[in-house]
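Read the structure below first, then the notes.
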Amino acid sequence: MVTETESMQPSLPEHTARTLALWEIVSVATSCLIAEWVVLSFVGRSKLIIAIPILLAFGLMAFSHVERGETLNDIGFRLDNFVASCRLLLLPTVVAVLLVVAAGWFMGHAIFAGHIGSRHLSLPLWALLQQYALNGFINRRAQLALGKGMKSVILVAVVFALLHLPNPLLAAVTLIGGMIWAAVYQRQPNLFALALSHALVSITLAMTISPNLFNSLRVGFKYFG
Amino acid sequence: MARFDNLMKTPSTTLVHVLIGKSIAETLLVGALAVVTFITVLPPYFHGWGEVTDSGISGWVVNNAAPWERVEVELFVDGEFVATRVANESRPDVAAAGWAKNEWHGYKFILPPLSAGSHEARVYALHDSGAGTRKSLQLVGDPIRFSVDAGGKPHAISR
């Protein structure tokens, strides 16, 4: 049964809904860029003000999920396909970790010798948040706009890399990582498995590669100072 | 197998309104931050003047937001940094004219040896903001154009 309130809200034509999906991607990416580039440069480390664009982005994502009738299970907060997703991620994650270790060894850095700080301990949660925004939202909207497959995977990866500028090496790494994670998500949408892979690669990077090479993984305005 | 987009409901126009609202909110946020930052980093409170004298550049500067404060000034000649000092010399004429609460807002710079010909001096007020994390330079008065003769003596160029 359609309630009176629902009947008063006209649905959008399909082609408009796809354009809308692209707009949603741009809107969320813009919020992240505002936080990274504008807020950090204008107000430094004021967490309260940085929270405004982040909350706006998460508010939009939550509202959009409700509007499109997506459940937590649809988004990827689920366990039924965790093992299947881990199987898909195992090879690329192991290869990425080995490549990072090999790069560290080649550059003469001490392997897994970095200090694990409180920042690193929160990495799994941070990775889950990033994977939710990247795949649970942007990937799903990219699939709406461009369909499942290479086009939407590339769009997701480009957005992910864009958010890591102006750190050139980090942007390149996240472009590759973004493609792999987006492709895996399209086959097995499980955010916990993606976050695990993301956290493992990030911790290996932080502990093996000299912070100078990736400028302590800094992005946005923070990259410069 | 069902298509991905068929698994989702088509959103109502409310989503468009939310997107527009979010864009407006972010535009206002960025605009407000820009204005606040501009006023904080480059406050429109500095007032002063500079001129060429026989020995160099002298003038006065007052921070209207803190009229008792002594302002730090920097001299640049032809775009090159020359010297910095605190404007705390006596300028009774400035206080008498009502520009400052007291007379201790004057500065004097001795010019370095300069080649003969025309030059331009600029005096900037140095301003700290962000608990000392940011420093900005604000031009005090107008750029001062002057010429140096063969004997090395500066002369004002009339505007």
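Throughout, protein chains are lettered first and strands after them, A, B, ... in sequence-line order, and every chain is numbered starting at 1. Scope of the values below: all heavy atoms of this structure, side chains included, with no hydrogens, waters or symmetry mates.
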If you count heavy-atom pairs within less than 4.5 Å of chain B, which of A:Ser31, A:Ser64, A:Pro53 leads?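 Highest number of heavy-atom pairs under 4.5 Å: A:Ser31.
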Are side-chain N/O atoms of B:Thr14 and A:Glu67 paired as donor and acceptor at under 3.5 Å?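 There is no such pair between these side chains.
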If I take atom CG from residue B:Leu19 and atom CZ from residue A:Phe63, how far apart are they, to the nearest 0.5 angstrom?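 These two atoms lie 9.0 Å from each other.
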Measuring from B:Leu33:CG to A:Ile34:CD1, what's the distance to the nearest 0.5 Å?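 Reported to 0.5 Å precision, the distance equals 9.5 Å.
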Please collect all salt bridge (charged side-chain N to carboxylate O under 4.0 Å, His left out) contacts where either partner lies in residues 19-28 of chain A, sequence neighbours excluded, each pair once.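 Output for this query lists A:Glu24-A:Arg68, A:Glu24-A:Arg141.
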Side chain, backbone, both or neither: which part of A:Val26 has a non-hydrogen atom closer than 4.5 Å to chain B?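 Neither; nothing under 4.5 Å.
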Under 4.5 Å heavy-atom distance to chain B, tell me which part of A:Leu56 shows up: side chain, backbone, both or neither.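 Looking at A:Leu56, backbone and side chain both touch chain B.
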Enumerate, atom names and distances included, each donor-acceptor pair closer than 3.5 Å involving a side-chain atom of residues 94-103 of chain B, sequence neighbours excluded.
from	atom 1	to	atom 2	distance (Å)
B:Asn102	OD1	B:Trp104	N	3.2
B:Asn102	OD1	B:His105	NE2	3.1
B:Glu103	OE2	B:Ser90	OG	2.6

Is the backbone of A:Ser27 close enough, under 3.5 Å, to the side chain of B:Lys22 for a donor and an acceptor to pair up by distance?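 Answer holds: yes.
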Within 6.0 Å of [atom1] in [X], more than 12 heavy atoms from elsewhere:
X: A:Trp37; atom1: CH2; result: yes
X: A:Leu169; atom1: CG; result: yes
X: A:Arg187; atom1: CZ; result: no

